[in-house]
Each structure stands twice: as C-alpha cells, then as structure tokens.
Protein chains: 2
Amino acid sequence: MPVQTNQSLSVDCAVFGFDGEVLKVLLIERPAYNALDRLKLPGSMILENETLPEAAYRVLEEATGLRKRDLYLKQMEIFSDPDRVSGDELEWINRKHGIRTVRVVTVGFYALLKLDRRTTDYTTSKGARWVAIEAIQRLAMDHKAILSAALGYLCREMQQSPVAFELLPRKFTIRTLQRLFEAVLGIEIDNRNFRKKMLSSGFLLATGEKEEGVAHKPAEYYTFDRNAYRRAVKAKLRMGFIDNWRY
Amino acid sequence: MPVQTNQSLSVDCAVFGFDGEVLKVLLIERPAYNALDRLKLPGSMILENETLPEAAYRVLEEATGLRKRDLYLKQMEIFSDPDRVSGDELEWINRKHGIRTVRVVTVGFYALLKLDRRTTDYTTSKGARWVAIEAIQRLAMDHKAILSAALGYLCREMQQSPVAFELLPRKFTIRTLQRLFEAVLGIEIDNRNFRKKMLSSGFLLATGEKEEGVAHKPAEYYTFDRNAYRRAVKAKLRMGFIDNWRY
DNA sequence: TTTGTTCGGGTATATTATACGCTAAGCAAG
DNA sequence: CTTGCTTAGCGTATAATATACCCGAACAAA
C-alpha cells in the first residue's frame, strides 16, 4: 500500500459558551442539506503556509468575529478514519474548493469564549447558532464524535486548570461559577463549601460591586486573579495526584 | 492562498522505557547523516486506508517487535509548521518514497512499554538505541520538540492515571515504582509515605515473592490490580481538583 | 408582613497529607 | 563475627483539607 499524498487536512472547532445556565456550542447551518446533516461544527481546510492553530483561529474569527486574544483555543485529537468523509460530502468539498482530494483528515480543536451580546449577534448574523449541549441530536459527518471528544477534554481540563474563567465574563458571582462547574461536570456542589474552596484558593478578587435587582440577597462580583494563580501553581507539587487517576 | 492538497501526513513516536533507574527513549540512527542530525524518533508516512493510530502501531511493531496489546499508545499534538520539514530532509523523504510532497505534517504519539531483555535485543538488532533522557542533546528536524512535548504529556499523565505501570514489569517492588515517579517527575518522595499512599489506594496486590540477592532487606513484589483500580475510579469525583490546576 | 430565594459567615468531624522515629533484614568489609 | 551500610516496612504525631450542615442576612415578590 503506497504512501498517500493527495489528501487534505482540515480543522474543526467545538466552540463552547456559557450563558449562566447551560453550556452551549456553536453550530453552522447548511441550508442545502436535510435536517439530519444540516448542522456542523465550524471548520476549514488548511491553506498553504498556515499551521493548524492558525487555521483554527481563522475559522473562529470568521464565525465569531473574535480575535486570538479573546479566545481560548486548544488542540485535541485528530480524526483520521480513511472514510470519515466520503461520497456526497467528499464531492461537496472537492466541488467547493475545485480540488480532487481523496481523503480528509481533520484535527479537532475546542475553543472557549465569553458569550456576550455582541458575540451572539455576530454569530447569528453569520448563520451560526448557539445550541445547548443537551439539545444536540446529530451532526454532519463525524462531527458528533468530535464534539463528544471536545466535551470530554473540557470536562477533564476544568478539573485541572482554571479554564472555567474563559467561559465567564470578567466579573461574575460565585454562584455563576458554581453553575458552570455543575453544568459541565454534571454534579451538584454544596454552595458553602464551593465558596470556601474558591475563596481560600486566593485566585478570586472581590470587586466590591454587587448584583442588583435580584430576588434574593445580592451576591458580590469577583474577578479571576491570573497572577495570583500563577504564583500559587509554582509552589506545590503534591503526592495527592494519585487520587486523581482516571483512565 | 489556495487550499493545500499535495501534502503528507506522518506519525512520529516517542517511545519510553524504564530500566529501573532512568527513563529512556527509543531513537533511530541514520548512518548516512552527520552527528547532529543522525538520531530521530521512529516514524512513518501514513499509508492509504490507514488511520493514524494504525500507522503508529505499525511503526512501533517494526521498531520493537511488540504488538498492540503490549504497548500503551497515546496521541498527543500535531506539528504543522509549514517549514518543519524542508530542504534536504524534504528531498530525502521524496526520494525515499518516490513522491513529490511539499509539506509534511506530523502527529506526535507517545508510547510506553515494558523494557525487558527481548525488547532491548530486538530494538538494537534493528539499529535503534535506547537513550537516557538526560543524555539527549539534539535530534533530527523538530524531533527534539516532539520529544519534549511527549515528556510533558507523560509527566502530566502519570499524575492523573496509573500509566506508570505500563513502564514496569508485571511484578515490581514499591521502590522501583517510586524511582519511576522520581525519575519522571524530577522530585524526591519520602519512601514511607509513598508506600503508605500506594498501598492504601488498594491497587497493588502483594505477590508473596521477595527480592533475592540484594544487599539490603529484600522487598516484596507487587502487581497492579487494574480491576480494583477501575472499581475505585467510579466512586469518586471530588472537589479537590481545584488544587491540581496547572496552565 | 410573610414567603421564597440565595448569600455568606460559621462549626464540627472525618479524611488525608506530611514529617519523621524506629526496628528488621540482607550484604559486604574489616 | 562484628560493624557498617542500605533499604524495607511498621508506626505516630500534627497540620491541612474535605465534607456535612447551621443559621442569620438581604433582597423581591406576593
């Protein structure tokens, strides 16, 4: 079996956002397609002289209007099943780009961003939709598998680094932070212990501002102190990691 | 800038082994090359109808004689700098395979295996060498960067799942296990606490056998109880993860 | 004023991390 | 055979942390 060279490389991005209640993902609608294959993840072939992360950032800027500094982007795995794109979908791609590729290997990325008014408006104006994770049935090609993988990565990474804050606005309440953890990890957390834990970490800065117009005791807004976090990380490498083993 | 299709995909594997003292990695020697570029990671272009993991397993079987079930293989990142292979190296590849590729994107894998007599003999008979991590100066192309990334992954993964046992023979002493952790993580660990921690995890099974011919009190051999591990994992998802955040 | 909500300070207890003392068991050197 | 060196493996003490849960405070809505 010969070495293969007439193949294409693409990137596909699972873009996550959090609206304060549920986790959402950005999907592109292809009007020409029937309901089953209509929705896909934002993605693109790579261009000449472009690395994969560059391609991913390009896709994300097109879809959201956000530039590199406003996005958290991570490479995850590569999807290389020789038949992952074939038949109609392969023809679609070849026609669209005027090429004759026989195989498309894709690299999955996941991205986190702060869902605000402007971002939402931009994406909808581009024909993209924010869909709650729970509501997603089926996606084009193997994009459902890519999304599942991304969710797994997000889950794991939220337990290992403070990426949660990439999904929250600059100022947030501890309740919102907790909701985010509960939504992503699918667990319930005691609010008092969560607060204690978060505050004792020393990474949260009280702003002095409070919620307004809420039907309960207003909560204080906090910001994430990235520098304090970095300082703290250096200090510790504990044996406790054995407790966190997963397969 | 047009979409690119005349490119190649390859896999490169950082294969780790542990001899009881130091961490080693498997390197291929290219006799025709001068000292600086002589050593490289085992790797290959992908073939038609082959996924990337399949390609990696093929490379590993060629290099070590070990089959899938005796290897621990994990995909890590993708190296896609447009110029990561160029000039002489690109010509070398084109000549070798009779192709005309303009760009080689590679997927880095890392593999763990149990270093024993047979494996060592096989690899050396194939012109490959096990080199201590500490002793590696420079590798061909960007393979040093790939190796560094692999080491990072190994470090992180050893703190999150019991992959350490993939590097040890079926029966091992707790001291050896500790040495492995110390070698990979670059830290010193108190032997009494390490033992306590490991045994209390319930994943180690005492075999009843003991070391022989050692110049100190002989240690007992243990095996890793994978089933006990799996059972334990399900039980817990603690909030402690916040302590383990890294960037 | 009452009700429903979340905030956020607190306590009490079990679990775990970490430091370190000490004896046992082997080999080697004198 | 004794002394020394090394690692095994048991133990204890203390600090740190997780976890469960109490309860008054603060707001809006009814």
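Values below: every heavy atom of this structure, side chains too, minus hydrogens, waters and symmetry copies.
At a threshold of 4.0 Å, the pair A:E61-A:R67 counts as salt-bridged, since one of the basic side-chain nitrogens sits closer than that to a carboxylate oxygen.
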Measure all distances between protein nitrogen or oxygen atoms and nitrogen or oxygen atoms of nucleotides 11-15 of chain D, and list the pairs falling under 3.5 Å.
| residue | atom | partner | partner atom | Å |
| --- | --- | --- | --- | --- |
| D:dT12 | O4 | B:K196 | NZ | 2.9 |

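Summary of the strand contacts: A:H216 and A:L199 both lie near DNA chain C, and taking for each the nucleotide with the nearest heavy atom, the more 5' one is attributed to A:H216. The residue among A:S200 and A:G213 whose nearest nucleotide of DNA chain D is located toward the 5' end is A:S200.
Residues A:F224 and A:F172 place their aromatic rings such that the two centres sit no closer than 6.0 Å. Ring to ring, B:F181 and B:F194 are close: their centroids are under 6.0 angstrom apart.
No side-chain heavy atom of A:L113 sits less than 4.5 Å from a side-chain heavy atom of A:D70.
A salt bridge (charged side-chain N to carboxylate O under 4.0 Å, His left out) with A:R175 is found for one member of A:E21, A:E211, A:E220 and no other, namely A:E211.
In this entry the distance linking CD1 of A:I174 with C1' of C:dG9 reads 12 Å, nearest Å. Going from atom CZ of B:R179 over to atom P of D:dT6 covers 12 Å, rounded to whole Å. Rounded to whole Å, the distance from CG on A:N191 to C1' on C:dT5 is 12 Å. One atom, CG of B:L204, and another, C1' of D:dG9, lie 14 Å apart when rounded to the nearest Å. Remark: C1' of D:dT17 and CZ of A:F194 are 16 Å apart, rounded to the nearest angstrom. Rounded to whole Å, the distance from CD on B:E211 to C1' on D:dT7 is 9 Å. Between the P atom of C:dC7 and the CZ atom of A:R175 lies a distance of 4 Å, rounded to the nearest Å. Rounded to whole Å, atom P of C:dA19 lies 12 Å from atom CD of B:E188.
Relative to the ring axis of A:Y229, A:R226 does not place its NZ or CZ within 45° and under 6.0 Å from the centre.
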Run the side chain to side chain donor-acceptor pair (under 3.5 Å) check on B:T51 and A:D81 step by step: do they pass?
-> CA-CA 5 Å; B:T51 68; A:D81 186 324; over 6 Å; no

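Here the nucleotide nearest the side chain of B:K210, chosen from D:dG9, C:dC27, D:dA26, is D:dG9.
Within the structure, every side-chain polar atom (N or O) of A:K197 is placed at least 4.0 Å from both OP1 and OP2 of D:dT17. In this structure, A:R195 reaches the C:dG8 phosphate: one of its side-chain N or O atoms is under 4.0 Å from OP1 or OP2.
B:E220 comes within 4.0 angstrom of sugar-phosphate atoms only, judged by non-hydrogen atoms across all strands, and of no base.
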